Every structure is written in C-alpha cells, then in structure tokens.
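Heads up: the structure comes next, in structure tokens.
As the structure is a prediction and not an experimental result, all values here were calculated from the model. Read the numbers this way: they start at 1 and go in the same order the structure lists the ligands and their atoms.
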Amino acid sequence: MSKSQYQAPKGTRDIMAPETNRVSALLRLFEETLNSGGYNQIISPIFEDIGVFQRLGHSSEIVTKEMFDLFDKDPKNPQHLVLRPELTASICRAFAQHRPVTPWKVWYEGPQFRYEKPQAGRYRQFLQVGAELLGSPDPHADVEIISMASRFFQKTGLANTKLLLNSLGDTETRGNYNDALTNYLNLNQVNLSEQSQETMLKNPLRVLDSKREKDQEIIQNAPFITDFLNDDSNKHFQIVQEGLSLLGIDYDLAPRLVRGLDYYTKTTFEFVAPNLDTAQNAVGGGGRYDGLVEALGGPPTEGIGFAIGIDRTLLACEAENVSQSVDNIEIFIVDTTGGGEALVLSDELRQIGLSVDRSFDQRSMKAQMKAADRSGAQLAIIIGTDELNENQVTLRDLRGDGIQTVLDRQSLAKILPEMLQETTK
Ligand code: ATP
Ligand code: MG
C-alpha cells in the first residue's frame, strides 16, 4: 500500500475498533465507579490561559517544556492560551471562578496534550480520567479518593497494579526537608546529570522524580521526607494509612515518590503496572494540593485528586491479558431481495433495543453471509424471494452449529429478544 499524503501528527494516534470498544468499556467503568461515590462529571475547556498551568510551578516539565501554545487572534486581547496538559489546574480555576458549595466532588474524562518525546505509552495527545475533591482537609477524603482509583483498577480486572504511597508533609515539613535534601544534593552535585543539577536549583525535591540512570544511585541514598514530617503531617499520614487498611486496599510506602508537579502537599500516590516498561509504568497518580486554588485567585481551599492514563491502562490490560467485554452486534440481516427488507427490518429491530447490522450494495448471498460471520452477530436473519413471498424469514444461529429455523416475520419482534437471551446464557 502506498503511503497516504497525511498522517496523524507525531505523537498522536487514531484509536479505532476494536480498541475504541475497550476504551469505551473503561470509560463506562470509571463513570460507574465515580458516580457511586457521589462525584459529578465536569466538562471544562480543552484550552486555558497559560497562567492557569504556570501556577503549577516553574520546575515542572509540564510547564517548562511540554505545553502546546495557541494565540487568540483578537488584537485587542492577544491572550496566550495553551492546550491543557492536565486537568487539576483547570478544575481549580473553575472552582475559583464559580465558588461551588464544598466539599465539591467532580470527575472528568478527556484528552490532554503534552509536547513529549513519543514512545510506547507516551503520546502528545492522550486520554485521562480523573477526580478531584475540593474543600476538605479530612484525611478520610484522601482515603476516599484513593479508593475510587483503586476500585476502578479492580473493576478493570487488572490484578497486578500496585499503589505506592508517600507524604510530602505541609509547608513546614517541606522547608525542613528541602534544607536537608539541598545539603545532600550539593555534596553529590558532580555525579548528578546536567538536567538534575539545573532542577536542583529550582526545586531540589523534583530531582527525586528524575528517571535518568545517572541520578539513580544518588536518589537511592537521599534522606527520606517521611523522617521530616511534623506532628500534624504525621498524624494525617497515619490516618490515611489506617483508612486504606480498613478498606483492605494494599499499598507500598514509597518515600522517594514526589510526582511531577510542584504543588502537592501531604498525601501523594501513584499506581504502577509492573508489567509495563519502567519509564512508562505509571498508570495513574495523584495527591493533595492544598494551596492551588488560592494560587489561582480563589479562597484558601484544600484539594485532593488523581488522574489515570487510559492509554496506559489499556496497555496494562494487554500485558496482563485481561479483556474488557466488547459489545458485538446481535443480529445481521442478509437480504437478497434488493435491500428494502433489510432497511425496514433493521430499523424496526433497532427501535426495540436490538443491535442490528446489514450489507449494502445488493451483494451476493455468499458475500452477505461472509459479512454476517465477520460482524460477530449471534443470529443472521435471511430474507430471500421465497421468504419475502411467504412473509417469513430464515433464522440462522451463527455461533452454534448453524441451525436454521423458519419464522413468521410478524413474530420476530416478540421472539428475538428471548432467543438472544437464551443464546447468551
Ligand atoms: P510520567 O512520569 O510517566 O511522565 P506524569 O507524572 O507526567 O507521568 P501525570 O501528570 O501524573 O503523569 O498524569 C497521570 C497519568 O497520565 C500518568 O500516570 C499516565 O498514566 C498518564 N500520562 C501522563 N503523560 C502521558 C503521556 N504523555 N502519554 C500517555 N499517558 C500519559
Ligand atoms: Mg510526565
């Protein structure tokens, strides 16, 4: 096949059936899970003022390197916009703008955009689902948020995803730890990668997030932030851990876990799929960000949330061999009388809730039967000249041993739903 003139842009991909069916199945599971927790969906703009994301902090790569820029054409208001790289900042912006009643519990799904070096499981446009709980400092809010993500992974059938848990403490804790970490990194500066030497000057904590080989040994021996937690932060962290244990949610303490963004405080967590490549094995993550709403011009408001990468969750499902049930078509109509019967009958059956497909272009019986087999339908309804004259149809079981029965056309709407239930049992 010769290459077509246009390809999907670098780092993007067309998701098509059957993968789209798996994506929809995951989105449905997510929606179900979050609705069961009293979270409502929020749909916010795909682009925002660049300032919304700049509040995330200047040492985060999302802000410094990964944003796609857009410029408003209005010469009087030449606003600098960006395609959203994540949704927590947009949601805090929406909170500051609308001041809803707290606790405000929302979930979202949609594409995010980051100018990254594309690799398997790392794209420039990718799909995320996530949730945020704003306006509560209660450690049980942390537990609920983590349980939502964890129950979602459980429902997908993934058995190996691991929850990594850490606490970054409050401002006081962070200050004390930053001093200790800076001292440590200064002593080891010559052995750090060039990028980490730079990051160190902006935000030493972010050095711990480096995935570069050269930095690993130094990160391994760095002081633990959990040794610096003050009483308040420590108590919060203990209650979160007790809560998770009460719910039977397993976790591993991960004292090096700092995650990508600067604004996290206290609880921080990540879900990893051990079957994926280490550079791309994070399927989701989140944490508490008690200062972000205020930084965006809202009232001081605590917040906690998570985001899950759907593309990577699918890769994890493939790696673990778990499959989402895909809804196949139920009935395929084979009409050799010109197609008019297929037109009317497919519409009639779709209206009573059945899923029905058909062929076009008056193709041969053989070609239509082949299409019926390929469709994955359970039953074929065959209408030839004989059936048309007798006001009957022939039903053929496509899954079993190809049993055929002749039925009155009028009885179809009544009999089919029962028959389909029988065959799926
Ligand atoms: P990573 O360390 O892998 O770059 P991150 O810390 O940048 O991840 P978050 O900002 O926490 O990721 O986003 C939450 C989830 O979104 C990630 O755990 C991952 O599953 C997914 N994700 C992030 N970036 C990408 C990407 N470029 N392509 C596909 N999925 C992504
Ligand atoms: Mg990243």
Side-chain angles (χ1 to χ4, degrees), residues 8-13 15 19 23 26-27 30 53 56-57 59-68 83-92 107-132 145-146 148-150 152-153 156 158 161-166 168 195 199 203 205-212 215 219 254 256-264 267-289 292 304-319:
K10 185 173 174 185
T12 70
R13 64 204 184 105
I15 306 179
E19 199 183 352
V23 169
L26 289 180
L27 296 180
F30 186 75
F53 302 107
L56 296 176
S59 64
S60 129
E61 290 193 344
I62 290 188
V63 177
T64 51
K65 296 195 217 130
E66 297 179 359
M67 289 203 283
F68 279 90
L83 295 180
R84 64 185 190 203
E86 60 106 56
L87 265 165
T88 304
S90 301
I91 287 169
C92 290
W107 66 265
Y108 60 80
E109 62 177 44
Q112 317 298 331
F113 306 85
R114 296 184 193 174
Y115 195 85
E116 300 216 53
K117 199 167 143 227
Q119 294 156 59
R122 191 175 292 284
Y123 311 104
R124 291 185 172 178
Q125 173 174 340
F126 57 99
L127 202 54
Q128 273 188 348
V129 294
E132 315 288 346
I145 274 287
I146 294 173
M148 289 290 132
S150 168
F152 164 71
F153 285 122
T156 63
L158 285 172
T161 10
K162 263 209 326 232
L163 167 61
L164 306 178
L165 185 70
N166 193 19
L168 302 178
Q195 292 93 331
T199 311
N203 183 350
L205 206 69
R206 294 267 300 114
V207 173
L208 300 185
D209 207 24
S210 159
K211 293 194 170 120
R212 291 178 198 91
D215 300 327
I219 293 172
R256 314 280 178 211
L257 181 70
V258 295
R259 302 190 25 74
L261 302 173
D262 289 353
Y263 57 79
Y264 284 103
T267 312
T268 177
F269 56 94
E270 194 159 87
F271 288 88
V272 294
N275 301 25
L276 298 184
D277 228 25
T278 34
Q280 273 90 238
N281 71 354
V283 285
R288 195 166 258 290
Y289 45 85
L292 188 58
I304 174 136
F306 67 82
I308 289 171
I310 288 296
D311 311 80
R312 283 193 204 168
T313 304
L314 270 183
L315 289 175
C317 287
E318 271 165 40

Report yes if Gly284 has an N/O atom closer than 3.5 Å to an N/O atom of ligand 1; otherwise report no. yes

Contact check, Arg114 vs ligand 1, heavy-atom distance below 4.0 Å:
yes

Exercise for the section: Please determine if Arg114 forms a cation-pi arrangement with Phe68, meaning its NZ or CZ atom is less than 6.0 Å from the six-membered ring centre and no more than 45° off the ring axis. Expected result: no

The side chain to side chain contact (heavy atoms under 4.5 Å, CB included) partners of Ser150 (sequence neighbours excluded) come to Ile249, Phe271

Discussion item. Any carboxylate oxygen within less than 4.0 angstrom of a Lys/Arg side-chain nitrogen, looking at Glu116 and Lys10?
Written reply: no

Closest non-hydrogen contact found for Val23 with Ile310 is CG1-CG2, 4.3 Å

Nearest non-hydrogen contact to atom 29 (C) of ligand 1 from the set Ala316, Gly121, Ala120 belongs to Gly121

CZ of Arg288 to CG of Leu168, rounded to nearest 0.5 Å, is 12.0 Å

For this session: Considering only NZ, NE, NH1 and NH2 on the basic side and carboxylate oxygens on the acidic side, decide whether Asp311 and Arg122 come within less than 4.0 Å.
Result: no

Determine whether any heavy atom of Gln280 lies closer than 4.0 Å to an atom of ligand 1. no

Do any heavy atoms of Arg124 fall under 4.0 Å from ligand 1? no

Ranking Gln128, Glu66, Gln125, Arg122 by closest non-hydrogen atom to atom 4 (O) of ligand 1, top hit is Arg122

field: Polar proximity ligand 1 side, Glu270 side, N/O cut 3.5 Å exclusive
entry: no

Query raised in the report: Has Arg124 got its NZ or CZ under 6.0 Å from the middle of the six-membered ring of Tyr115, at an angle within 45 degrees of the ring axis?
Result: yes

| Polar contact flag for Ala282 and ligand 1 (N/O pairs, less than 3.5 Å) | yes

Quiz prompt | ligand 1 contact by Val283, heavy-atom criterion under 4.0 angstrom | solution = yes

Exercise: do Thr88 and Glu132 side chains pair donor with acceptor under 3.5 Å = yes

Ligand 1 atoms nearer than 4.0 angstrom to some heavy atom of Lys211 are 1 (P), 2 (O), 3 (O)

If I apply the N/O under 3.5 Å rule, does Arg312 come out as touching ligand 1? yes

